[in-house]
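Bear in mind the structure is a predicted one, so any value in this text is a computation, not a measurement.
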Amino acid sequence: MEHNSSDDEEDHRNLIPQNDIRNNDLNRRREDEIRSVTTARATTNRANGGGRSPRSAFQIDETVSRSPNRWKISPNKLYVVAAVSLTLLIVFFFLFTDTRRLKLDSLSNRVKESELRALYLVRQQQLALVSLLNRTFNSSNAIGSSLAKQISLSKEIEDVLLSPHKTGNYSVSGPDSDIITGSYNFDICRKVDQKLLERKTIEWKPRADKFLFAICLSGQMSNHLICLEKHMFFAALLDRVLVIPSPKFDYQYDRVIDIDRINTCLGRNVVVSFDQFKEKDKKKSDARIDRFICYFSSPQPCYVDDEHIKKLKGLGVSIGGKLEAPWSEDIKKPSKRSFGEVKEKFECDDGVIAIGDVFYADMEQDWVMQPGGPIKHNCKTLIEPSRLISLTAQRFIQTFLGKNFVALHLRRHGFLKFCNAKSPSCFYPLPQAAECMTRIVEKANAPVIYLSTDAAESETGLLQSLVIVDGKVVPLVKRPPRNSAEKWDSLLYRHGIEDDSQVDAMLDKTICAMSSVFIGASGSTFTEDILRLRKDWGTSSTCDEYLCRGEEPNFIAEDE
């Protein structure tokens with residue numbers, strides 16, 4: 001039903017006059033009644049002689065006339081009263097609420113001011129600690145570790161103060177944020193700048209018909225790989241192709257390194273396997289070393305004994321002439337030699353030459369030891385683990401370790417006597433070793449340690465119980481026995497190299513070389529080869545060091 005405004009106006013015209021007429025009639029009847037009563041009372045008073053003043057009648061009249069309207073308030077006035085009351089109530093409510101709000105706002109402002117002041121002080125503390133740490137992080141004592149922990153705590157306090165104010169992708173930035181942002185281990189255990197642009201190299205452009213026969217005999221695989229790398233340098237200086245030894249004479253190198261990759265890195269054929277070398281000389285009845293020019297003259301020429309000469313001949317390799325040395329050189333006291341001296345003494349027109357084991361050679365060490373080695377190439381390094389081993393190491397790290405871990409090479413078997421023959425000794429009691437490890441783990445802020453060791457279970461079990469950081473034992477992880485349910489090592493099984501001890505050793509090296517921080521064993525070539533890989537791969541850390549560097553064992557046994 002529609003509501004018409006004209007109907008309201010008509011109702012208003014009709015209703016209002018009717019109300020006025022009804023009210024006038026009522027007033028007249030009341031006045032008539034009052035007059036009759038007043039007249040009657042006045043007559044009675046006169047008959048009785050009076051005694052009351054005429055005002056009494058007037059007072060009665062006033063009282064009667066007012067009494068019906070004393071508490072009567074018009075509707076308009078009611079609306080006004082209600083509106084005023086409601087307004088006062090609202091004003092009172094808002095005044096009270098505003099007062100509370102003002103008090104809360106004042107308190108909130110003071111809290112914010114305190115938080116900002118606390119943040120400023122925390123930031124100043126962090127800058128001071130970082131500055132102090134940068135002057136002491138190479139210290140071998142616990143100062144660096146303690147400072148690092150305080151920086152971490154300060155950063156945690158800062159995060160707590162900022163947490164109520166963080167929304168969305170909120171981030172804190174400032175002139176000093178690059179110094180402190182993230183975890184403190186960026187400043188302490190940062191990666192080493194290898195300055196590759198300053199690398200000094202030579203080009204290896206061998207003549208296709210000139211060969212250098214590599215011979216590496218001393219020590220185990222790590223020694224042989226270092227020897228092989230030095231042979232490459234000699235081959236580059238003498239413009240010769242390097243012949244990799246036969247696995248019947250030396251280790252099976254193609255199981256642990258990719259020989260063909262070396263040629264790819266240089267863009268030309270610079271190395272050949274023993275079988276490839278024999279294939280080139282297939283027209284001859286046997287392979288031949290035309291001349292032995294010995295780098296070392298003692299303890300025996302070329303550091304090759306009769307047994308190895310027989311092995312070479314057994315492979316069909318004949319040797320022309322005698323083993324001769326152009327100078328006097330002892331492996332126990334090697335002289336520093338320049339590349340000019342080597343070229344002068346070893347250059348010749350013979351097709352195939354050998355210079356013997358050069359592991360101990362001290363020739364242009366500043367070239368040999370630089371990142372990537374002394375030869376110009378397009379890879380990070382020429383001698384590195386095979387692709388299969390590298391992928392297996394990555395899978396192991398993803399399965400057990402994660403990105404941030406410390407790796408420890410703990411050499412124990414046969415090292416007691418070896419180290420005690422040195423001054424100072426490098427064989428540490430396990431409690432002392434644990435203290436040294438703990439300091440480095442605290443610096444690195446790493447949750448786990450990868451352990452590459454030949455130590456007995458009794459030693460590793462004790463060491464595990466002693467490495468404690470912030471009241472928690474830091475797990476020592478070793479590669480577990482083969483388990484078909486685990487797939488991280490499946491590549492090795494698929495290619496049939498899972499039970500090779502040299503593959504296992506190279507896998508350990510690779511895992512260690514990929515760690516955030518590496519702790520090595522002083523005097524171990526296994527450690528030295530890991531350090532070489534870390535340097536070449538760019539994974540070296542400022543926290544890398546030998547176990548208990550700068551300390552002597554707190555107890556040393558007597559000699560036999």
Side-chain angles (χ1 to χ4, degrees), residues 140 216-227 251 256 299 303 331-334 357 359-360 369 405-441 449-467 474-479 500-513 515 517-535 540 543-560:
S140 60
C216 298
L217 306 175
S218 61
Q220 299 182 25
M221 174 64 87
S222 297
N223 297 49
H224 288 226
L225 291 176
I226 295 171
C227 171
Y251 290 110
V256 294
Y303 199 51
I331 65 167
K332 295 181 180 179
K333 296 179 181 179
D357 195 323
F359 172 75
Y360 296 101
M369 298 302 294
F405 68 97
V406 172
L408 169 68
H409 174 222
L410 183 68
R411 174 72 184 275
R412 301 297 277 186
H413 180 70
F415 228 47
L416 176 59
K417 185 176 181 180
F418 169 81
C419 281
N420 282 356
K422 300 173 64 175
S423 182
S425 174
C426 52
F427 193 90
Y428 296 90
L430 289 175
Q432 184 178 0
E435 290 179 5
C436 298
M437 291 167 57
T438 300
R439 289 198 297 266
I440 297 174
V441 171
I449 300 171
Y450 177 68
L451 183 60
S452 173
T453 186
D454 56 3
E457 195 68 31
S458 57
E459 291 183 272
T460 58
L462 174 59
L463 187 65
Q464 173 64 91
S465 67
L466 294 173
V467 182
V474 181
L476 303 182
V477 179
K478 294 194 295 183
R479 284 188 295 111
D500 190 305
S501 60
Q502 298 310 318
V503 171
D504 286 343
M506 184 59 82
L507 180 56
D508 258 12
K509 281 186 185 179
T510 309
I511 295 171
C512 290
S515 64
V517 174
F518 174 63
I519 307 171
S522 177
S524 167
T525 53
F526 189 92
T527 282
E528 295 306 316
D529 207 32
I530 292 171
L531 292 174
R532 176 187 65 83
L533 282 173
R534 289 177 66 77
K535 178 179 57 183
S540 294
C543 292
D544 289 356
E545 64 176 63
Y546 298 116
L547 182 65
C548 296
R549 181 185 60 188
E551 296 183 28
E552 292 190 16
N554 57 32
F555 186 87
I556 300 176
E558 296 179 357
D559 293 335
E560 295 181 64

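- Side-chain contact between Met369 and Arg532: absent, with no pair of heavy atoms (C-beta onward) separated by less than 4.5 Å.
- Distance check: Leu463 CG to Ser465 OG gives 8.0 Å after rounding to the nearest 0.5 Å.
- The closest side-chain heavy-atom distance from Asn223 to Cys216 is not below 4.5 Å.
- Annotation: Lys417, atom NZ; neighbour count of heavy atoms from other residues, nucleotides and ligands within 6.0 Å does not exceed 12.
- Both tests hold for Arg412 against Phe427: distance to the six-membered ring centre under 6.0 Å, angle to the ring axis within 45°.
- Between atom CG of residue Leu410 and atom CG of residue Asp454 there is a gap of 7.5 Å, rounded to the nearest 0.5 Å.
- A cation-pi arrangement, defined by a distance under 6.0 Å to the six-membered ring centre and an angle within 45 degrees of its axis, is absent between Lys478 and Tyr450.
- A donor-acceptor contact shorter than 3.5 Å links the side chain of Asp357 to the backbone of Leu217.
- In this structure the side chain of Ile449 never reaches within 4.5 angstrom of the side chain of Val477, judged on heavy atoms.
- Taking 4.5 Å as the limit, every side-chain heavy atom of Thr525 sits out of range of all side-chain heavy atoms of Met221.
- Aromatic ring orientation, His224 versus Tyr251: perpendicular (interplanar angle above 60°, classes split at 30° and 60°).
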- Message: Run Thr453 and Arg411 through side-chain contact (heavy atoms from CB on, under 4.5 Å) and show every step you take.
- Response: CA-CA 6 Å; Thr453 186; Arg411 174 72 184 275; over 6 Å; no
- Message: For a side-chain contact (heavy atoms from CB on, under 4.5 Å) check, start with the C-alpha distance between Thr527 and Phe518, then their side-chain angles and the critical distance, and finish with the verdict.
- Response: CA-CA 9 Å; Thr527 282; Phe518 174 63; 3.9 Å; yes
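- The line from OG1 of Thr510 to CG of Leu533 is 7.0 Å long, rounded to the nearest 0.5 Å.
- Within the 3.5 Å criterion, the main-chain N or O of Glu551 finds a donor-acceptor partner in the side chain of Tyr428.
- Atom CG in Leu547 sits 7.0 Å away from atom CD1 in Ile440 (nearest 0.5 Å).
- A distance of 5.0 Å separates NE2 in His409 from CZ in Phe526, rounded to the nearest 0.5 Å.
- Glu552 places no side-chain N or O within donor-acceptor distance of the main-chain N or O of Pro424, the cut-off being under 3.5 Å.
- From Ser524, atom OG reaches atom CD of Gln220 across 9.5 Å, with rounding to the nearest 0.5 Å.
- Under 4.0 Å is where a charged nitrogen must lie from a carboxylate oxygen, and between Arg439 and Glu545 no such pair does.
- Counting only heavy atoms from C-beta outward, the side chains of Pro429 and Gln432 approach each other to under 4.5 Å.
- The shortest distance between side-chain heavy atoms of Ser452 and Leu408 does not fall below 4.5 Å.
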